[in-house]
Structures are given as structure tokens and as C-alpha cells.
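Just so you know, these numbers come straight off a predicted model, no measurement behind them. Chain letters run A, B, ... following the sequence lines, proteins first and then strands; every chain starts at 1.
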Amino acid sequence: MGVILFELALTLYFAATIISITELFKESRITARITIAAAVIGFVIHTASIVSRYLTAGHLPITNPHEATSFFSWCIVLIFFILQTRYKIGLLPSFIMPIVFILMLISSMLSREVKPLTPVLQSYWLGIHTVFAFLGNAAFAMAFGIGCMYLVQEHYVKSKQLGGLFGRLPSLQTLDEVNYRLISFGIPLFTLAIITGAFWAETAWGRFWNWDPRETWSLITWFIYAIILHARLVLGWRGKRAAILSMIGFLTIMIAFFGIKLLQKGLHVFL
Amino acid sequence: MKIFVVGLNHKVADVEVREKLAFNGPKLEEGLLRFRELPEIREAIILSTCNRVELYANVTDPAQASVSVRTFLSEFHGIQRNSLEHSLYIYDDIDAVRHIFRVASSLDSMVVGEPQILGQLKDAFDLALSKKTTGILLNKLMKKAISVAKRVRTETKIAENAVSISFAAVELAKKIFTDLSKRVFMLLGAGEMAELAAKHLISSGVREVLVSNRTFERACELAEEFHGRPVKFEEFIQEMVRTDIVICSTGAPHYILTKSQMQKVMKERKQRQVFLIDISVPRNIDPAINELDNVYLYNVDDLQGVVDANMFERQKEAEKAENIIAEEIMTFLKWLVSLDSVPTIVALREKAEEVRKEELERLFHKIEGIGEKEKEAIEYMATAIMNKLIHPPTAALKEDSENKDILVATIKRLYGIEEEKNGD
């Protein structure tokens with residue numbers, strides 16, 4: 001059942017992605033509504049697939065790469081809905097749904113086998129640490145999408161070529177503010193993820209910090225976002241610079257998420 | 001019934017001629033009533049704006065009406081008829097319908113897509129309604145023209161994108177800043193175009209207005225006019241730290257704001273976005289400033305480029321609008337054709353009724369001692385037969401048909417209907 005639900009969610013996210021990309025080329029209220037409808041139905045089915053897997057496995061389904069990637073995309077869609085309810089940002093689905101779909105596609109290609117939990121993972125820290133980490137990362141993923149939108153809009157205004165998406169993208173100030181708020185929202189969550197992870201490491205391996213590659217990359221990511229906030233508040237680094245930095249930050253997340261897995265080293269090998 | 005338009009606009013007549021022919025203030029009402037009184041005119045509307053003077057009518061004879069209207073215009077405005085000959089255009093039938101739809105949809109305007117013309121057309125129609133100078137045809141035509149204009153506005157982007165420099169500046173400001181009501185605006189210098197752009201920006205609701213000018217007295221005057229605060233010219237750079245939008249037009253022959261000055265300003269304002277509009281010729285703001293992050297500098301040519309691009313977009317949308325109008329003309333013409341068959345239907349019915357009455361009278365005269373009940377039954381049967389016989393031709397006349405004229409002529413011939421009654 002869980003598999004069918006996952007495939008259905010993947011299909012709906014795919015539909016939302018394709019339609020949202022066509023939106024970039026041709027404005028239409030109908031297609032915009034279809035995109036949102038597909039994303040909403042996809043999200044509901046995706047939630048059901050996560051619940052179904054939870055019931056099958058008996059624990060939070062974020063203990064292997066397939067589950068983690070799927071849960072990550074679920075968190076992004078959740079934050080996307082929250083953001084759209086608050087700001088109603090035109091063309092946001094066109095920049096976010098492709099990220100969601102790619103993550104789900106990667107998830108679908110990874111092993112879906114439900115294995116018993118290793119002793120390390122049999123801890124209440126599992127839920128706390130991972131939920132903080134994924135929600136924080138999802139906020140950063142969203143900041144990446146908003147950063148892309150900022151760069152596109154900034155290019156139009158700066159180059160004085162006001163065709164294309166110029167009329168449909170939000171103002172530079174809105175994009176900059178939303179980017180800042182997402183990072184401000186993501187940083188505390190990510191910090192809590194690192195702290196709870198340290199406590200978990202202490203109970204599991206007897207040390208708070210092990211310089212495991214994923215831990216190291218997480219710290220790099222944390223520093224990048226901390227620099228973005230600091231530079232904005234102290235030096236006034238906003239707009240284009242903030243957008244580029246938020247994109248670099250998301251790339252480090254992707255390296256931490258997928259790159260480390262390829263190396264198959266470190267204590268976080270289960271992910 | 002014929003729809004008829006006679007008039008002139010900015011394309012065919014210069015402003016002196018348009019002024020002479022304009023129906024201003026009380027002249028409009030007087031002109032409308034006198035226009036309606038012309039023998040060939042059955043319904044009348046006059047549209048008089050700064051760019052066009054047009055008389056819409058339902059006429060009995062377009063050729064004769066054309067002569068009468070020219071005479072009327074020359075007499076009413078006291079100008080020689082000869083001077084009108086080359087300026088006036090005349091449309092009738094489908095061309096008149098198309099013209100009115102195009103005018104209402106702002107396709108015939110100086111600035112394609114401008115919204116004022118629809119309001120002016122509605123006012124002209126309202127006046128005609130209040131003076132009872134219209135009837136079934138022009139009422140339907142005007143309502144249709146208004147609905148066509150609304151459809152054009154909804155289904156095309158003809159009214160989107162600013163097509164004047166000052167509106168382009170406001171539109172751009174809105175794409176840089178989310179909410180103009182939280183922004184501080186500075187007018188630097190007092191060029192005419194800059195003042196106009198400033199007025200548009202201020203009416204968009206900026207939070208605070210600062211005015212700086214080489215002559216401080218002039219800055220004070222303008223500041224008072226805009227409900228703003230005057231700033232000494234030597235202090236405008238300091239004020240820029242808290243200013244978000246600047247319109248500059250000082251008339252100075254050199255740059256009054258350099259890149260290094262702006263860099264310092266940006267540092268002080270923590271890189272918050274700034275929108276600079278340099279309308280001066282020669283330019284007063286160093287173009288290199290646009291290279292700075294979060295600074296967006298537009299000069300008069302850049303804004304003109306935006307306006308031209310928007311105009312081009314509007315022209316593309318105008319093509320879509322023409323298709324909508326072509327579609328709507330067909331719908332209107334179908335209604336018009338159905339209106340043409342109404343007198344024939346009425347005449348056919350009257351003819352049948354006449355025959356029924358005659359034959360019943362003749363029959364009742366022949367049969368002696370017939371009772372009321374029997375009379376009623378026979379009358380009922382005769383009516384039923386009549387209705388059944390005239391139903392198919394009536395239905396055919398009511399249907400939309402390409403060959404309606406032939407059908408009307410055939411039915412008239414077959415049933416011996418001589419004269420049409422007026423259907424309206």
C-alpha cells in the first residue's frame with residue numbers, strides 16, 4: 001500500500017512540476033490552479049505513504065536514504081504551502097516543485113527495503129534530531145528557490161530588459177525579505193538539529209562530536225547560513241549577495257545529503 | 001434600420017479642427033437633441049472627447065443622413081461645410097459596428113488600451129438615455145460595445161504595462177519595493193517631466209516626500225505643493241541615506257551624484273535597495289552607479305525603452321482584441337438580422353388572423369341557427385389550424401440563417417404580405 005501511495009505522490013509531483021514549468025512560458029490561471037491542486041493532492045497522498053510506512057516499520061520512516069529523501073521533500077512541500085498561504089508568491093511553484101520532484105525521483109531509485117533498526121537508531125533522539133534537521137533543510141531549500149527567483153528578477157531590473165517573467169515575479173524586496181525570513185527560520189531549527197544530534201552521539205558513541213563527514217558538512221552548512229545572517233545584519237549583505245549565498249548554502253546541504261553517502265564512510269552511513 | 005457613424009478623431013484631424021467640432025458642456029445636450037431631430041435620424045448618441053467627436057445614429061437613409069449630418073455640424077458649430085469634407089469619416093452597417101466596438105475597446109485611441117474612453121462612452125450613452133434619444137438598436141449596440149470592451153480587457157493584456165514615462169517609473173518602483181507606502185521619495189531638481197513622474201509616485205502613496213533644488217525657495221514651493229519637506233541642495237546626499245526613490249532633473253551640465261558618493265550612501269544605508277531615475281539631459285547621475293549592488297538607475301532613454309516595449313506588447317494584444325471584436329460583430333449582426341424578420345412575422349400573423357376572421361364570419365353567416373357552443377368549437381379549430389400552418393414559417397424566420405433575406409422575401413411573396421410594419 002505504502003509503495004502505491006509513494007508512486008502516486010511521485011506522479012502528482014511530476015504533474016505539478018511539468019505544469020508549473022509550462023507556467024513559465026505561458027501564463028494561465030487554470031494551469032496555476034492545476035499545479036496547486038496536484039501539489040496538494042500529492043502532499044496528502046505523500047503524507048499517507050509516510051504514515052503507512054510508519055505503521056509497517058513501527059518507527060519514524062527516516063532511517064534509510066529512500067525514507068530520508070522522501071521525508072525531506074515532504075518537509076519542503078509543507079513549508080511551500082505555509083509560505084504560499086502567507087505571501088502568495090507568483091511563480092513559486094515553478095521554482096520549488098522541480099526540487100521536490102527531483103528529490104522524490106532520487107528517493108524512488110533508492111532501496112525501499114524496511115530493515116530492523118540498528119541499536120544506535122533505537123533512540124527517542126531519532127525523531128527529534130531528524131525532524132529539526134529536515135525542517136531546517138527544507139527552509140533552506142525554499143530559500144534556494146527564492147534566491148533563484150531573486151537573481152532572475154534582479155537581472156531583469158538591472159539589465160533594463162523587462163520582458164519575460166518580470167511582470168509575474170514578485171518585487172525584489174519581497175523576495176529578499178522572504179529569503180531572509182526562511183534562513184532566520186531554518187537556522188534555529190538546524191542549530192537544534194546539531195545540538196540534539198550531539199546529545200544523541202553522546203548516548204550512542206560516548207562523544208558529543210566525532211568529526212564524521214556528515215557532521216563536518218553540517219557544520220559548514222551551519223556556518224554558511226550563520227554568515228548570511230551575520231553579514232546581512234552587520235554589513236548589510238542583502239539582495240543579490242544574500243541570494244547567491246543561500247544558493248551556495250543549499251549546495252552544501254546537497255553535498256552533505258547525497259555526496260557523503262557516495263563515500264560510504266563515517267558514522268551516519270545508515271543515511 | 002441602419003447603424004451610422006460620422007465623426008473625426010486624432011488620426012484624421014488636428015486639434016484645432018477637433019476643438020471647433022467638440023460638443024462641450026451644455027452644447028452636448030443641445031447638440032444631441034438637435035441631431036436627433038434631423039429627419040433621417042431615428043436614434044442618436046454623441047461622443048465628444050478631447051481626441052474624438054463622433055455621432056452615432058440609427059438612420060433610415062445613410063446617404064441622405066450623411067448630407068444632413070454635415071449640414072447640421074457646420075451650422076451648429078458655425079464652420080464652413082467645405083472645411084469638414086476632408087476630416088470626417090463615415091461608417092455604416094458592419095463598418096459602423098466594428099468602429100464603435102473598436103472605440104469602446106480603446107483600439108482606436110491615441111494610446112491603445114487606455115481606459116478612459118470606455119467611461120466617456122458610458123457617459124455619452126447615459127446622457128442619450130436620459131434625453132430619450134436612443135431606442136432598441138442603439139441601446140443594444142451600446143450595451144454590446146461596453147460588454148465587448150470589458151471582454152477585451154479581461155481576455156487580453158491590452159491595458160497592462162505602463163505606456164508613459166511617469167507610469168513606467170511607478171511600475172518599476174513597485175517591482176523593486178513591495179510597499180511604496182513605506183518608502184521615502186526625493187525629487188531632486190524641478191524639471192517638468194520629473195514633476196509629472198513625482199506626482200504619479202506621490203499619488204501611489206509614498207510615505208514621505210523630500211524636495212531638493214539648487215534654489216531653495218523653489219524647493220520650498222514644490223515641497224509645499226507635494227506636502228513634503230524641502231532639503232538644501234548641499235544636503236541631498238546625506239538625505240539619500242534614508243531615501244528609497246529619487247527622481248533627478250536638475251539641469252546641471254555634469255554629474256551631481258558619483259559612484260563613490262553612492263557607494264558611501266549604500267554603506268550607510270546597509271545596502272537597502274535604491275531606485276534612481278535620472279530624467280535630466282545631460283545626465284546628472286553617473287551611469288556607473290548602476291553597477292553597484294542594490295542600486296537601480298534608470299535614465300530617460302531606459303524608461304522610454306520600457307514604454308516602447310510595453311507599447312509593442314499592447315500592439316500584439318490589440319491583434320487578439322481584433323479577433324474578439326470580429327467574433328462579437330457576428331453575434332450582434334445575428335441579433336440585427338433576427339430583428340429584421342420581426343415585422344415579417346407580425347405581418348404574417350396579422351394576415352393569417354385576417355383570413356381566419358373573414359372565413360369564420362362567412363361561415364357563420366351561411367349556417368343558420370348555429371349555437372354559441374358550436375361557434376366556439378369552430379373558432380377553436382380555425383385558430384388551431386391557423387397556428388399550425390404559420391408555425392413552420394415563423395420558426396424559420398426566428399432561426400439564425402445566412403439566407404434570411406431570401407426567406408423574408410419568399411414568405412412575403414407566398415403569403416402576399418405587402419407592407420412591413422415597423423418592428424421597434
Under 4.5 Å between any side-chain heavy atoms of A:L172 and B:F275, yes or no? no

So which part of [X] gets closer than 4.5 Å to some heavy atom of chain A, the side chain, the backbone, both or neither?
X	answer
B:E160	neither
B:K157	side chain
B:R272	both

Distance-only check: which donor-acceptor pairs under 3.5 Å involve side-chain atoms of residues 136-150 of chain A, not counting sequence neighbours?
from   : atom 1 : to     : atom 2 : distance (Å)
A:N137 : ND2    : A:A133 : O      : 3.3

Please check this pair: side chain of A:Q173 against backbone of B:T178, looking for a donor-acceptor N/O pair closer than 3.5 Å. yes

Determine yes or no for a side-chain-to-main-chain donor-acceptor pair under 3.5 angstrom, with A:K158 supplying the side chain and B:Y296 the backbone. no

Under 4.5 Å from a heavy atom of chain B, the part of A:Q153 involved: side chain

Part of A:Y156 lying under 4.5 Å from any heavy atom of chain B: backbone

Which residues in [range] have a heavy atom less than 4.5 Å from any heavy atom of chain B?
range	result
residues 76-95 of chain A	none
residues 174-188 of chain A	A:T174, A:D176
residues 228-250 of chain A	A:L233, A:V234, A:L235, A:G236, A:R238, A:G239, A:K240, A:R241

Just wondering, more than 12 heavy atoms not from A:R33 lying within 6.0 Å of its CZ? no

Are there more than 12 heavy atoms of other residues, nucleotides or ligands under 6.0 Å from atom NZ of B:K174? no

Given the options B:D302, B:D179, B:V306, which has more heavy-atom pairs under 4.5 Å with chain A than any of the others? B:D302

Can you name the one residue among B:L172, B:N290, B:L303 that meets side-chain contact (heavy atoms from CB on, under 4.5 Å) with A:K160? B:N290

If you compare all heavy atoms of B:Y298 against all heavy atoms of A:L162, which two are closest, and at what distance to 0.1 Å? OH-CD2, 3.7 Å

Atom CD of A:E154 and atom CG of B:N294: how far apart are they, to the nearest 0.5 Å? 7.0 Å

